Number of protein chains: 2
Amino acid sequence: MSQDGPGRADAQVIAGAIGALVLRANRMHLYDELLGGHGGDGGVAGVDRATYPVISGLARIGPCTTSELADQIGLDRTVASRHATRLQQAGLLARQPSPDDLRSTVLRLTPEGERCVQALRTRLEDLVLAALPDWPPERTHRFAHDLGQVVHNLTGVAAEPGHDHP
Amino acid sequence: MSQDGPGRADAQVIAGAIGALVLRANRMHLYDELLGGHGGDGGVAGVDRATYPVISGLARIGPCTTSELADQIGLDRTVASRHATRLQQAGLLARQPSPDDLRSTVLRLTPEGERCVQALRTRLEDLVLAALPDWPPERTHRFAHDLGQVVHNLTGVAAEPGHDHP
DNA sequence: TATTGTTATACTCTATAACTATA
DNA sequence: TATAGTTATAGAGTATAACAATA
């Protein structure tokens with residue numbers, strides 16, 4: 001179908017899988033399942049497709065300034081600031097003046113924000129668990145490790161336990 | 001860090017990797033590399049982040065109506081129609097009246113559109129190849145197969161060679 | 001003068017509503 | 001009446017520009 005080469009056929013399969021994951025239709029479906037689009041409950045007030053990367057990113061990198069967070073999640077400072085305001089209004093995030101630099105504001109999750117992120121992480125992990133075939137434990141473990149490595153090489157972002165959810 | 005369970009730690013790693021892939025910052029970077037944001041060349045006229053899913057989806061599922069294509073890629077008919085118009089103006093796509101139903105329009109890639117999609121596919125595969133560690137061939141092959149299966153389970157979309165790029 | 005955070009404005013993409021033609 | 005396609009309008013999200021405060 002294409003020219004051959006070292007591992008070209010495997011690369012085609014991997015590229016197809018990555019493409020499917022990133023495809024808008026599947027991405028949105030995943031977000032909906034994660035953020036509570038399935039039933040009447042589930043949804044957390046203040047957290048939607050726009051604010052989720054902000055609260056998740058803040059949980060991943062810890063308390064930081066607006067600019068640092070914006071860089072990490074690939075948004076403009078102004079957008080991160082507005083989403084942070086929404087999360088603050090929902091009681092999931094708090095702003096503190098930075099002691100070092102009075103220009104800066106440190107963003108920090110509230111205890112309720114921490115609980116919210118933890119719940120979303122667990123839900124995403126459950127979705128993954130449900131999608132994993134019935135492999136022997138070693139095979140699952142190797143797959144997880146290998147996927148983390150490939151994604152790391154592809155994005156430059158480490159993918160480790162308890163970090164880097166979407 | 002979280003409650004344990006069958007394969008919970010592995011699920012955390014996998015969830016982290018998937019989250020990283022879907023994260024806007026990394027997704028956009030991948031799209032930019034694919035669509036020619038790296039140098040002066042590379043970019044194909046008429047193909048950008050908005051139209052790429054349309055032309056790629058059309059290549060994946062073959063000639064079809066606007067509605068069918070829109071469903072496949074997760075867009076509204078109206079949006080797919082407008083993007084198709086842009087691709088048509090760029091000479092990558094052609095509209096034909098459907099012989100069966102005069103209400104329908106069949107979308108089909110032009111030869112230039114086919115070449116364009118093939119070039120983008122190859123470029124994505126090259127990105128994947130560059131991100132693959134120096135594994136023994138069997139390990140790469142198994143990883144590709146396993147990833148395809150997990151993504152299929154997670155999205156309901158098959159990921160096979162030559163299909164389903166982002 | 002440069003930088004942080006924020007607010008005001010404009011742009012892009014997508015979805016809903018309205019319209020035409022055909023079934 | 002219902003459906004396919006398109007066009008017109010509105011909504012959500014993001015980026016650029018402008019401002020105030022601090023370095």
Side-chain angles (χ1 to χ4, degrees), chain A residues 22-29 31-32 35 37 43 46-58 63-89 93-108 166, chain B residues 22-29 31-32 35 37 43 46-58 63-89 93-108 166:
Chain A
V22 176
L23 186 70
R24 179 186 161 85
N26 298 322
R27 205 174 71 233
M28 291 306 180
H29 180 253
Y31 267 78
D32 283 344
L35 298 177
V47 181
D48 55 25
R49 290 175 184 169
T51 52
Y52 176 67
V54 175
I55 191 174
S56 178
L58 184 56
C64 62
T65 68
T66 307
S67 295
E68 288 168 351
L69 179 57
D71 282 349
Q72 280 289 326
I73 61 182
L75 281 178
D76 194 83
R77 291 183 308 179
T78 66
V79 181
S81 177
R82 223 170 317 122
H83 292 336
T85 300
R86 276 165 59 187
L87 291 168
Q88 186 179 17
Q89 289 167 343
L93 176 152
R95 282 182 161 101
Q96 299 174 315
S98 170
D100 305 332
D101 186 336
L102 291 188
R103 296 172 301 181
S104 296
T105 303
V106 174
L107 304 177
R108 183 188 302 273
Chain B
V22 176
L23 187 69
R24 179 185 162 87
N26 298 322
R27 206 174 69 233
M28 291 307 181
H29 180 253
Y31 266 79
D32 284 344
L35 298 177
V47 181
D48 55 25
R49 289 175 185 169
T51 53
Y52 176 67
V54 176
I55 192 175
S56 177
L58 184 55
C64 63
T65 69
T66 308
S67 294
E68 289 168 350
L69 180 58
D71 282 348
Q72 280 290 325
I73 61 182
L75 280 179
D76 194 82
R77 291 183 308 179
T78 66
V79 180
S81 176
R82 221 169 321 118
H83 292 337
T85 299
R86 276 165 61 186
L87 291 168
Q88 187 178 17
Q89 289 167 342
L93 177 151
R95 281 182 163 100
Q96 298 174 316
S98 169
D100 305 332
D101 187 335
L102 291 187
R103 295 172 301 180
S104 297
T105 303
V106 173
L107 304 177
R108 183 188 303 272

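Side chains included, hydrogens not; waters and symmetry mates left out as well; all remaining heavy atoms used. Bear in mind that the values here come from a model prediction, so they are computed numbers and not experimental data. Letters A, B, ... mirror the listed sequences (proteins, then strands); counts begin at 1.
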Give the rounded distance in Å between these two atoms: CG of A:Leu69 and C1' of C:dT4. 14 Å

Closest listed nucleotide, where the reference is the side chain of B:Thr105 and the choices are C:dT4, D:dG5, C:dA21: D:dG5

Sorted by position of nearest nucleotide on DNA chain C, 5' first, the leading residue of A:Thr85 and B:Arg77 is A:Thr85

Could you state the OH-C1' distance from B:Tyr31 to C:dC13, rounded to the nearest angstrom? 13 Å

Do any pairs count as a salt bridge (charged side-chain N to carboxylate O under 4.0 Å, His left out) and have a residue in residues 71-89 of chain A, sequence neighbours left out, and if so which ones? A:Asp48-A:Arg86

Dump every N/O contact between nucleotides 14-16 of chain C and the protein below 3.5 Å, one line per pair.
from: C:dT14; atom 1: OP2; to: B:His83; atom 2: NE2; distance (Å): 2.6
from: C:dT14; atom 1: O3'; to: A:Arg24; atom 2: NH2; distance (Å): 3.0
from: C:dA15; atom 1: OP1; to: A:Arg24; atom 2: NH2; distance (Å): 3.3
from: C:dA15; atom 1: OP2; to: B:Asp76; atom 2: N; distance (Å): 3.0
from: C:dA15; atom 1: N6; to: B:Arg82; atom 2: NH2; distance (Å): 3.2
from: C:dT16; atom 1: O4; to: B:Thr78; atom 2: OG1; distance (Å): 3.2

Can you figure out which of D:dT6, C:dG5, C:dA23 approaches the side chain of B:Ser81 most closely? D:dT6

Are the side chains of B:Leu107 and B:Leu93 in touch, meaning some heavy atoms are under 4.5 Å apart? yes

Distance check needed: C:dT6 P versus A:Gln88 CD, whole Å only. 8 Å

Rounded to whole Å, how long is the line connecting atom CZ of B:Arg27 with atom C1' of D:dG13? 12 Å

Whole angstrom value for the distance that separates P of D:dT22 from CG of A:Leu102: 7 Å

Nucleotide nearest A:Arg86 (side chain, heavy atoms from C-beta), chosen from D:dG13, D:dT6, C:dG5: D:dG13

